[in-house]
There are 2 protein chains.
Amino acid sequence: MDQIAAMRAFVRVVEAGNFTRAADLMEMPKPTVTKLIQQLEGHLRTKLLNRTTRRVRVTPDGAAYYERALALLSDLDELDGSMARAQTSPAGRLRVDIGTSLALNVIIPALPDFHARYPDILLDLGVSDRPADLVGENIDCAIRGGDILDPNLIARRIGQVDLVMCATPGYIARHGMPQHPRDLLEGHRVIAYFSPRTGRRMAFDMVRGEESYEFDLPYALAVNDSTAYQAAVLTGLGIAHAVEPLIQPYLADGTLVRVLPEWRSEPIVLHIVYAPNRHLSSRLRVFVDWVAELFASSNVYRLGPLPPPS
Amino acid sequence: MDQIAAMRAFVRVVEAGNFTRAADLMEMPKPTVTKLIQQLEGHLRTKLLNRTTRRVRVTPDGAAYYERALALLSDLDELDGSMARAQTSPAGRLRVDIGTSLALNVIIPALPDFHARYPDILLDLGVSDRPADLVGENIDCAIRGGDILDPNLIARRIGQVDLVMCATPGYIARHGMPQHPRDLLEGHRVIAYFSPRTGRRMAFDMVRGEESYEFDLPYALAVNDSTAYQAAVLTGLGIAHAVEPLIQPYLADGTLVRVLPEWRSEPIVLHIVYAPNRHLSSRLRVFVDWVAELFASSNVYRLGPLPPPS
DNA sequence: TTTCATTATTCACATATGGAAATAATGACG
DNA sequence: CGTCATTATTTCCATATGTGAATAATGAAA
């Protein structure tokens, strides 16, 4: 027996004064109303309605039950309604995990716009290059650069960033300017980025026409955070494989110089990832869409955290 | 979908921490729990549980829903429980319709006993020989003498009363003592009882051995209430067909004398009647049983209202 | 990395339920 | 009283749901 349906039918019969009208109001066949009332009376072991084909009268027990059933159905409808409203009017807490550079340079500066659009969404930002367990830590989504290795997550591509080789003028004055990727193997040091998850250093890849090199180079310093990497580049301790938009101001004012500029590296692809869910909450949906729009609507889409979390 | 069952399953899964244990606790197959949770999520269009085969985690939405569902289920259980208690612990109003003589002479004097046993039952006594519409007037039961003509009611026999012929000594001095039923046809008058429902007078029936008479006799006075009839007997206006236990004191002190004592009349059968109901309320059930016991446990069972409501 | 015990889900058949049509009951009217 | 319009209930077949068995997924342990 569907007790809620039975209670709804009973309430309707009491209010309508007969079975037929109640059935019409509920867009339900009459036998169904009959059956539901019978089932409810059986469940409660109490006669709720004295009825003939011409008259329906509520028993004293039925009248008492009606009042309480009405209140209870109202509570249930309120509960269902609040869930529906949560779906159609995005509100509530959203937990987002972002790499440091993307957070500091792209997302956080744009948040006034998101807040203006969705004032009822509370954003919890986890800012770290260290990947989190989305399901295990109840994180709604993450914005990441690089390959997405977890096949259980949905990854929506939102942009890419270029990597470029560079160094300080002081480093070049001391060690000389490399003329070819193989020059980096001797007499040079790099500033390396290592994965916060695996500890493995990211290789330096370089392509020119049909030529392609990929080296795990001798390094003077290795960091595993994209914002720290940007600061490390400026120390002059080595040659860096840096995110182009983040160092662009330093290239412009001469603080840094390009190294091997005729060689290109694979850009880093940016994704927003979240767990599959037939019933995606509206607040997550609007955030994903807003992020995608943010990256698509300006050339900041090419920005992203240094190296892939691989 | 049975939403209540789905909510119960959800609450159990949250508390048990996994589907299998919830299913065991509810004595329900695991696939049913799976289906119910899926249906509830579909109904609410919200993911309530993030689950793998090894772990079940409640989503933030799920946690919020859990609290409210728990409260609502508690209210429902309280409502169901209160209906069950009303069935097992007799309480509430009971409307009973009784003929005047039975009310005044039998039931009312015994009510202290009923009240002592069932202090939470409130009795509304309708006292009249005039029959009421049980269903139409929300009367729970009636105690009646005579044949029960309504086939839609349940009639439980609780006793019978004898009818006897009698008159005042003054009447006999003026008209003479009848020696045979046929003597009543000439020179005599009776006090008649007529049905409050149909207006028809009750016949005087007399049996002796194989002889049997039934006359609609000339009357000096006719009343349609059993208590009024008792008073009318004492006027000396005619011969009466009276309820034996009610006039016993007058026969003992000579106020009345028996007439045709060797002739017998059909006793009046007493019933308690109520509408059929698969779910008889406990208060009605205990009252019916108490009345039956009252009549069975003493010789008052032979008492009843005059003439049938026919 | 592979293995394996545990647990959620899916599948397919048995059982339960829904609902159109037929039937029974009611009570107003003449 | 009989007739008949209205309405609750029952019947029986089509559809939906429940559930045992099989399958897929997970994650701890070696």
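Residue numbers begin at 1 in each chain, while the letters A, B, ... track the order of the sequences.
The shortest non-hydrogen separation linking A:Q87 to B:L44 is CG-O, 4.1 Å. Considering every non-hydrogen atom in both A:D124 and A:R93, the closest pair reads OD2-CD, 3.3 Å. Between A:L70 and A:E15, the closest heavy-atom pair is CD1-OE2, 3.8 Å. Nearest heavy-atom pair, B:G62 versus B:F10, reported as atom, atom and distance to 0.1 Å: O-CZ, 3.3 Å. Contact detail for B:S226 and B:D129: the closest heavy-atom pair is N-OD2, 2.6 Å.
In 5' to 3' order, the nucleotides of DNA chain C bounding all contacts with chain A (an atom under 4.0 Å from a heavy atom) are C:dG19 to C:dG27.
Judged as a ring-ring contact (aromatic ring centres under 6.0 Å, His included), and not counting sequence neighbours, B:F19 has no contacts.
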For nucleotides 14-20 of chain D, list the nitrogen or oxygen atoms of the protein found under 3.5 Å from its nitrogen or oxygen atoms, one pair per line.
{"residue": "D:dT19", "atom": "OP2", "partner": "B:T32", "partner atom": "OG1", "Å": "2.9"}

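Atom-to-atom, CD1 of A:I37 to C1' of D:dT10 comes out at 17 Å; the value is rounded to the nearest Å. Atom P of nucleotide D:dA5 and atom CZ of A:R54 are separated by 11 Å, given to the nearest angstrom. Atom-to-atom, CZ of B:R55 to C1' of D:dG27 comes out at 10 Å; the value is rounded to the nearest Å.
Two residues are said to be in side-chain contact when any heavy atoms from C-beta on lie closer than 4.5 Å; A:V13 and A:R51 fail this criterion. Between B:Y65 and A:L79, some side-chain heavy-atom pair lies under the 4.5 Å cut-off.
Across all strands shown, B:T52 has heavy atoms under 4.0 Å from sugar-phosphate atoms exclusively, and none from any base. As judged by a 4.0 angstrom heavy-atom cut-off over every strand, A:T20 is placed among residues touching the sugar-phosphate backbone only.
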